[in-house]
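As structure tokens, the structure follows; a few thoughts come after it.
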Number of protein chains: 2
Amino acid sequence: MAVDTLETRELRYFVAVAEELHFGRAAERLGMAQPPLSRAIQQLERRLGVSLLERNRRGVSLTGAGEVLLHEGRAALDATAAAARRTRRAGGADSPAGSRGRLVLAVKAAGSHELLQKLLDAYAAEPDAAEIEVLPCGLCEQEGLLRDGRADVALMHTPFNSLAGFDSEELLTEGQVAILPTGHPLAARRTLSLSDVSDVPDLPLARWPRHGTYAPGPGPEIHDLAQLAQLVALGRTVAVFPDSARAWLWAEHTAVPLTDAPLVVTHIAWPPHSRSLALAGLIRTATQL
Amino acid sequence: MAVDTLETRELRYFVAVAEELHFGRAAERLGMAQPPLSRAIQQLERRLGVSLLERNRRGVSLTGAGEVLLHEGRAALDATAAAARRTRRAGGADSPAGSRGRLVLAVKAAGSHELLQKLLDAYAAEPDAAEIEVLPCGLCEQEGLLRDGRADVALMHTPFNSLAGFDSEELLTEGQVAILPTGHPLAARRTLSLSDVSDVPDLPLARWPRHGTYAPGPGPEIHDLAQLAQLVALGRTVAVFPDSARAWLWAEHTAVPLTDAPLVVTHIAWPPHSRSLALAGLIRTATQL
DNA sequence: CTCTGTCATACCCTGTGGGTATCACTGGGA
DNA sequence: TCCCAGTGATACCCACAGGGTATGACAGAG
């Protein structure tokens, strides 16, 4: 094998080991035996001329080079997976270059429903609109979906999502509201400030996972909006959301505008090297809404 | 092999064929015989369940899916090469995580010399500065160097470079000047407009390659600044450059400010997922200049 | 109607990626 | 103190995939 080329398989193996920090578990995750995995990693280190793992007593840790390869390798694996997914998607209707394809649009499960509706309606009215598949996702997953090709384009919300590494256009700016149980004393106020809702001992702010882990704090750990809505209705927590989230409010909830919360900007975002005509049309439609 | 995983080798093969549109030449470029290459591409098409190439009478052309895989595959190969290069670079001094490494900074060969000098001086004065390797490159290559890991960070100049897909910070905004042979009638003017220099039949604007090809036009095709300087001195062409390019003017050249040319903004740019401390320090230094 | 240029097929062989069995080492507990 | 559990490395073997050579099938140009 060429000495300066990294094979996808090697990256998969290394990332598994680097994430597990344990050859046995990594091998199991990869569906193979431990010895060939050890050998593959050794070969990789020899070929790169770099030591990636520190085999200590009782376990494994990453060297500096190992940390670099973990980050860069994940990015490379994402790009490779994206190539496969987008090619498959483009090939469904064995179509000539530049023809309409399908587009997968990732949206936060309950984010800016009206905007999404308007966008889909407007785009569908375009003369040669592609088919849009809407992929509802969790609270902060759009970046990953876009990176590994499960989605082609996404609606993102700063400052919750990061636009780093994507092209994007601004669509909508809005304030935030506190979602409170109807009947709570604060629900009667015309406006609130962030300190009002973050310092109430009997109403801790709910926490949701960022990159798979929960920030420390007193609030309940939630992972979908139904959970959150229920906890709010029960008077167990308070949540802060963009203005447009009022749309999914139930009868038991009250939304009170926050005066000092950061503005939420909805963007349409896509991988920077995209060249599809369908995508260009969707972006044009979105910016002209 | 897993049916949903694309190997680096397969991507290399496909990109070669897609670029050459000829199995024989592609095989030669890859240093292998033609039949195994044909077979590998067939296997790839079968595994993806998509036809990538149209084998016509007399040659090969890309299907829509093939075009997608060409773009996405190049990106994936770049990311993979970047992973290998950056890992090797990080591993040189078998260092613990987060330690100072070397950073490769890509700069246009003759772009903003003073800014670069100030940046290097200021950064070298930092308490734990990493070693900076300056990689001078051609007229528009920084994006590629950053993408495939030959560089870690670059000075880029909009609107000549595209910042798409990178994180960046603005450093400097400047106007543009026309570089003329001293003695040309236009060289005596205090200012010029773009139409002054672009419509002169005896002084066609020089053209340089963008993405490997030359735009059509009457001007001479050049590919480095020494060539350009010589042609200007000979009175054969005129060039338009950022203000700071005055620094490399020879005695035979005159710079005349342009009143209506787009402003050139120098940015420091880096791959969006970078996490190195050395890079963070360099960026901080640059923005505080 | 060849002849040339192209990609596909047939067939073989070697290198390597993977499996099983086992070793070497280290730390913890009785 | 000694043994054992748990870890990664080593030794050895095998199958097969990826690569080579020879050749076929086809289409256009002359």
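Order of the sequence lines sets the chain letters (A, B, ...), proteins ahead of strands, with each chain counted from 1.
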Open item on the list: So that I can tick it off, tell me whether B:Arg275 and A:Glu67 are bridged by a salt bridge, with the cut-off set at under 4.0 angstrom between side-chain N and carboxylate O.
Closed with: no
Open item on the list: Can you identify which nucleotide, out of D:dG19, C:dG19, C:dC7, has its nearest atom closest to the B:Val60 side chain?
Closed with: C:dC7
TODO: Take B:Pro35 and B:His22, find for each the nucleotide of DNA chain C with the closest heavy atom, and name the residue whose nucleotide sits nearer the 5' end.
DONE: B:His22
Task: Spacing of B:Leu21 atom CG relative to C:dT6 atom C1', expressed in whole Å - done: 14 Å
Open item on the list: Output the rounded distance in Å from CD (B:Glu54) to P (D:dA27).
Closed with: 15 Å
TODO: Classify the side chain of B:Arg9 and the base of D:dG18 as holding, or not holding, a donor-acceptor pair under 3.5 Å.
DONE: no
TODO: For the side chain of B:Ser38, starting at C-beta, report the closest nucleotide among D:dG19, D:dT21, C:dC7.
DONE: C:dC7
- [ ] To the nearest Å, give me how far apart CG (B:Leu53) and C1' (C:dA8) are.
- [x] 14 Å
Task: Length of the CG-P vector between B:Leu37 and D:dT21, whole Å - done: 14 Å
- [ ] Would you kindly give the CD-to-P distance between A:Glu20 and D:dT7, to the nearest whole Å?
- [x] 12 Å
- [ ] Would you mind reading off the distance between A:Arg55 atom CZ and D:dG6 atom C1', rounded to a whole angstrom?
- [x] 17 Å
Open item on the list: Looking at the base of C:dA8, is there any donor atom on it, or on the side chain of B:Gln34, that sits under 3.5 Å from an acceptor on the other one?
Closed with: yes
TODO: Name all residues meeting the side-chain hydrogen bond (donor to acceptor under 3.5 Å, both in side chains) criterion together with B:Asp78; count only those two or more places apart in sequence or in a different chain, and write none if there are none.
DONE: none
- [ ] Specify the separation, in whole Å, of atom CZ of A:Arg46 and atom P of C:dG17.
- [x] 11 Å
- [ ] Go through D:dG8, C:dG18, C:dA8 for me and flag the one nearest to the A:Arg39 side chain.
- [x] C:dG18
Less than 3.5 Å apart, which donor and acceptor atoms pair up between the side chains of residues 148-155 of chain B and the rest of the protein, not counting sequence neighbours?
unit_1, atom_1, unit_2, atom_2, d
B:Asp148, OD1, B:Arg150, N, 3.2
B:Asp148, OD1, B:Arg150, NE, 3.0
B:Asp148, OD2, B:Arg150, NE, 3.0
B:Asp148, OD2, B:Arg150, NH2, 3.0
B:Asp152, OD1, B:Arg86, NE, 3.2
B:Asp152, OD1, B:Arg89, NH1, 2.7
B:Asp152, OD2, B:Arg89, NH1, 2.6
B:Asp152, OD2, B:Val104, N, 2.9

Task: A:Glu143 (side chain) donor-acceptor with A:Ser162 (main chain) under 3.5 angstrom - done: yes
Open item on the list: So which atom in B:Lys108 and which in B:Asn161 form the shortest heavy-atom distance, rounded to 0.1 Å?
Closed with: NZ-OD1, 3.2 Å
TODO: Can you figure out which of D:dG20, D:dA9, C:dG18 approaches the side chain of B:Pro36 most closely?
DONE: D:dG20
Open item on the list: With a 4.0 Å limit, can you tell me whether A:Gln43 has a side-chain N or O closer than that to the phosphate oxygens OP1/OP2 of C:dG17?
Closed with: yes
Open item on the list: If I take atom CZ in residue B:Arg25 and atom P in nucleotide C:dC7, what distance separates them, rounded to the nearest angstrom?
Closed with: 8 Å
